[in-house]
Amino acid sequence: MADLVSASEDLAEALYFIVDDVHVLANTSAEAELDQLLTLPSPSLHFLLGSRCFPGFNLAKSELQSAVTVSGDDLRFRPIEVDLLFRRVYRKPLTPAGVFNLTEKTDGWAAALHLFHLATTSHSAVERRRAAESINPTSSLERDYFSQHFLAGIPAQMTEFLHRTCFFPVLTPSRCDALLGFVDSRTLLLGLERLGIISTGDNGVTYRVPHPLRQQLVASWADGGARLAADSRQDSAAILEQERAYGLALELLAEGQDWEQLRNLLRRVGASAVQPGGCRWASHLPESLIINEPVAALAASRQLLDDGCIMAASATASRVEQLTTDPQCLKLANEIHLLADVWANDGAYADSGPAASLRAASRCRPSAVAQALSGQPSAPYALARGLALLLAGDQRASLPWLRRTAESLGVEPAAALAAQLVLAVFGPENSTTAADSRTAEVDAVQRQAAHFGLTWLARVARGVQAAFPGTASSQAAVQTVIESCEGRGDEWGAALVAAAAAHLRLHSGRADPAAFEELALRFRRLGAGTLEAWAHSAQALVAASVDLPEAVDRPRAAEAFARAAEVPGALAVAYAAMALQSPENYSDLMQAAIETAKSAGLMCRPWTWLASEASPAFRQGGRRPARIGGPLQNSPDRPIRFHHDRIHAAPVPASVEVRCFGGFRLRLDGWDVDLARVRPQARTVMRILAMNAGRPVHRESLAGILWADLDTASALHNLQVSISSLRRALQLSNPTPCQPSIARHGEAYALVLAGQSTFDLVEFDQAVHDAYSARVEGDHRRMAAELRRAVELYSGEVLPEDGPAEWVIDTRERYRLRAAESAAMLANAELAFGNTAGAARAASRSVEIDPWRDESWRTLVEVLRHSGDLAAAERAHRRYQLVLRTLGVAVDAVSGYGEKDVSAFRAVLPSDGCPHPGRIPRSTS
């Protein structure tokens, strides 16, 4: 030691002293010597210590002021990190569903993740991904790791203690004493906690065994026989029942599928077993038990409600009324009905609690709802008021209420965690707090929500956490969570995750107008006018910032919508969008946006998030340079100057003709582009850029679509090679000298539309939009003409050559449905004008495009009968019946083919021509 001290004084360069398994040195002379080494004053000497628990020496002494402690929670892998581990380190990428499941089942434990990798190294990619999505880690590798490494060296008494108490989901000294019949459990628990085997988050009141270790311990009971394991499980459940921990007892019996004992316990405790967040066990119940046992049905409905499955929860609660007359069960079932009704799409509810108030704020006039909630001190009411204020855009007033609610975890965990999640995403702190810190905050919410059985909140937090990086792989993870919500019937969860993801991408300056358009549609279906107003304003802002064709009308429509719904914050954003769209009135409109934001209490300025490349004057709200027309309105001899995220084309850009309906076609200055010589993946890149012509597509999105199995660097390299080959092909296809039509802008690529460029998707959108405008103005002749133009433009599905590729499916379906709707509207209009032949053609085209559209079939049959062509009407009627039989619909239940009011289509839009919540025309370009 003396020699080392002397040598440390003469060090010429840094020396790193690494000591692993420091816990082994506990209470030895080596530990004391290590303590002396740590206090050496040499600035060139650095120590890295690894231990399962804190060492016995004092880490707070003055000589160790620069010491950094990294806890087990810091080392735990989160979903984002698990994805990077398998994608970049192991080079064995997993699906988002596999990443989420693997993280949950291993608790992010590095050793367990590595063991999974070793166990699946020889598997095919499909087998490995399937294993990750359905993992139940009890492999021999894991058993050997726990027995030979993790538990090696601990006293046999502790090992036996862990084995016998492993059925308890949560360990307490009294619980373990009752099971084992002695009073030394606290000492053993403290010893295990000191060794880092178990952990406590409440100063020793309760302890938890790591999830992978508990699974191994439970699985080890199989070696002694099923009967012995069942007896031990029942003994543990009986102790939990004595403590009135009914939820844990039932969870224990459900894990072991001991339905007889579970049924008996339900009959003994009755409705006391049903608590918010305490019915996770009900998800394992067989259908026969739910059908016949009232408390089981009640618990299943509570679990479905906690999981966001509103309609299923209401339907299951209805069974309770048929199974029992117990007043307590009926009361709880009615409460579940009321909560479900509050969030149901029709919004027909009679409840007046905090949930009903929040639901009212989501519809319209959130400021008025918040004002009505004053004087309510409880955490749920404080949360409702804080969220109502935030929905109105009053960040400043909402923060105290949300922060107060977030501090009530011990009293109202659901409200506290919801407030904590909202603050992490939408609070003003997110503009100054590092992304890693916010991700950790959301991760904490997800873990706590899962601990409290709040599975809906945990799932939403998981989606938000996935959205933070903003990369292509993270967007895929977000989509996985959204699809998981939709698969459960949780439309609110899907919409809120999509909203958080869209907000975070907007905040990072990489917003996609289509995402906000889809978001507006989601909130429209949910009857959430307030949230829809925000989506419309954000879409208008992004569309105006990149000069999309619909930017001309979107900002004013968004402004009218926000005003009608009385959402001041969204109104401020709409004013900013109008400012970007109107250079001649920029200063006045931007000043209106700033003043509206101030008076509303909106502390952030979303329009500045899109101005990272704009002039300082714009970022400060100054005058914006005059804009040269939109991408389809420029003269051939003038350059396009897209602002902010716009693509800067060359002085003499090529005129581009893009066709996506019915098959891909690309022409430059009248010459067909031949892509036969480029690789198939490069041609796919071209079609993706073409489908988004005039709009930038982030390079990570392109790379994620085509090279998801590669690490980011390799995928981006492949993308660059593809872009280069496409540019060469475009130059060879056009004998006229011109600049490249594929331009790069920051981190994105785009197919530039300039001069006399045309794009069939944009033309279709414009025709539909003009038809809606004419309809509002009462000009039905012009409406019919624009609808005819739209139907003619739709010559077939969008990019049929790409089959079921995920990146095109949503766009293809959106245009198909809009085309069918346009044809149906045209049929109604032609019929109203007395043009039965035109009406028949339009109705036939509508059912040809979408054979599942009832309205079109009915119109077709009606038109043919009206024209006197009874044979054709009967044929159409029979084809309609065949479609209904295919769908399993009773044909006899369908009637009224000739009773349609042909003037009804005129009453769809308001007479004042202004958009109202739920009725704003939408565009899909």
Side-chain angles (χ1 to χ4, degrees), residues 77-80 82-83 94-108 132-135 211 251 276-284 300-313 339-340 343 355 358 383 387 413-426 438-469 474-504 519 522-523 526 528 531:
F77 280 70
R78 296 173 176 85
I80 298 169
V82 172
D83 177 62
L94 303 175
T95 62
V99 168
F100 286 135
N101 189 60
L102 189 59
T103 306
E104 180 181 353
K105 295 298 177 63
T106 62
D107 204 24
E133 292 175 10
S134 59
I135 181 175
H211 185 72
E251 182 178 343
C279 295
R280 285 174 295 187
W281 51 273
S283 62
H284 304 295
S301 63
R302 179 72 245 188
Q303 186 272 329
L304 288 168
L305 188 65
D306 291 340
D307 200 38
C309 307
I310 299 171
M311 304 309 295
L339 278 173
W343 297 106
L358 182 56
L383 175 67
L387 291 178
L417 292 171
Q420 186 179 349
L421 179 61
V422 171
L423 287 170
V425 180
F426 298 104
R438 288 183 285 138
T439 302
E441 188 82 2
V442 177
D443 178 67
V445 172
Q446 192 273 327
R447 288 169 59 80
Q448 288 276 29
H451 167 65
F452 284 107
L454 305 171
T455 52
W456 178 83
L457 187 58
R459 189 167 61 250
V460 171
R462 177 183 293 170
V464 172
Q465 187 182 30
F468 267 109
S474 73
Q475 292 304 303
V478 170
Q479 188 59 34
T480 296
V481 177
I482 291 174
E483 290 172 359
S484 174
C485 293
E486 292 173 337
R488 290 173 164 84
D490 176 19
E491 294 297 330
W492 275 101
L496 293 177
V497 170
H503 166 79
L504 291 171
L519 194 60
R522 287 183 183 276
F523 287 130
L526 291 169
L531 292 159

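We use all heavy atoms of the structure for the numbers below, so side chains are in, but hydrogens, waters and symmetry mates are not.
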**Q** Please report the closest heavy-atom contact between G463 and V497, naming both atoms and the distance.
**A** CA-CG1, 3.9 Å
**Q** Which heavy-atom pair separates A355 from L339 by the least distance, and what is that distance?
**A** CB-CD2, 3.9 Å
**Q** Which value, rounded to the nearest 0.5 Å, describes the distance between Q448 atom CD and D443 atom CG?
**A** 10.5 Å
**Q** Please report the interatomic distance CG(L496) to CH2(W456), rounded to the nearest 0.5 Å.
**A** 5.0 Å
**Q** Check V425 against A500 and note the closest heavy-atom contact, atom names and distance.
**A**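 Reported closest heavy-atom pair: CG1-CB, 4.4 Å.
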**Q** Got a sec, which residues hit salt bridge (Lys or Arg N to Asp or Glu O under 4.0 Å) with E483, two or more places apart in sequence or on another chain?
**A**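 Checked E483 against salt bridge (Lys or Arg N to Asp or Glu O under 4.0 Å); zero matches.
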**Q** Just verifying a value: how many Å separate T106 OG1 and H211 NE2, rounded to the nearest 0.5 Å?
**A** 8.5 Å
**Q** For L519 and A495, work out which heavy atoms get closest and say how close.
**A**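 Reported closest heavy-atom pair: CD1-O, 3.5 Å.
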**Q** Side chain of S484, backbone of T480: donor and acceptor closer than 3.5 Å?
**A**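 Not at all, since once roles are kept as given, no pair shorter than 3.5 Å links the two residues.
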**Q** Minimum heavy-atom separation for Q446 and A458, please, with both atom names.
**A**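 Of all heavy-atom pairs spanning Q446 and A458, the closest is CG-O, 3.4 Å.
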**Q** How would you list, by chain and number, every residue that makes a salt bridge (Lys or Arg N to Asp or Glu O under 4.0 Å) with R280, sequence neighbours excluded?
**A**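 With neighbours one apart ignored, the set is E251.
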**Q** Under the side-chain contact (heavy atoms from CB on, under 4.5 Å) criterion, do R462 and T103 qualify, and how do the steps go?
**A** CA-CA 11 Å; R462 177 183 293 170; T103 306; over 6 Å; no
**Q** Which distance, rounded to the nearest 0.5 Å, do you find between the CZ of R522 and the CD of E491?
**A** 7.0 Å
**Q** Give a yes or no answer on whether the side chain of D306 reaches the backbone of T455 with a donor-acceptor pair at less than 3.5 Å.
**A**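 Not confirmed, D306 side chain does not pair with T455 backbone.
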**Q** Going by salt bridge (charged side-chain N to carboxylate O under 4.0 Å, His left out), name the pairs with one or both residues in residues 450-461, residues two or more places apart or in two chains.
**A**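 Non-adjacent pairs meeting salt bridge (charged side-chain N to carboxylate O under 4.0 Å, His left out): D307-R459, R459-D490.
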**Q** Would you say the side-chain atoms of W343 pair up with the backbone N or O of W492, donor to acceptor, closer than 3.5 Å?
**A** no
**Q** At their closest point, which heavy atom of A444 faces which heavy atom of Q420, and how far apart are they?
**A** CB-NE2, 4.4 Å
**Q** Kindly indicate, with the supporting measurements, whether the criterion side-chain contact (heavy atoms from CB on, under 4.5 Å) is fulfilled by L387 and F426.
**A** CA-CA 10 Å; L387 291 178; F426 298 104; over 6 Å; no
**Q** Is the shortest side-chain heavy-atom distance between D107 and R447 below 4.5 Å?
**A** yes
**Q** Tell me which one of D83, T95, V481, L94 satisfies side chain to side chain contact (heavy atoms under 4.5 Å, CB included) with F100.
**A** V481
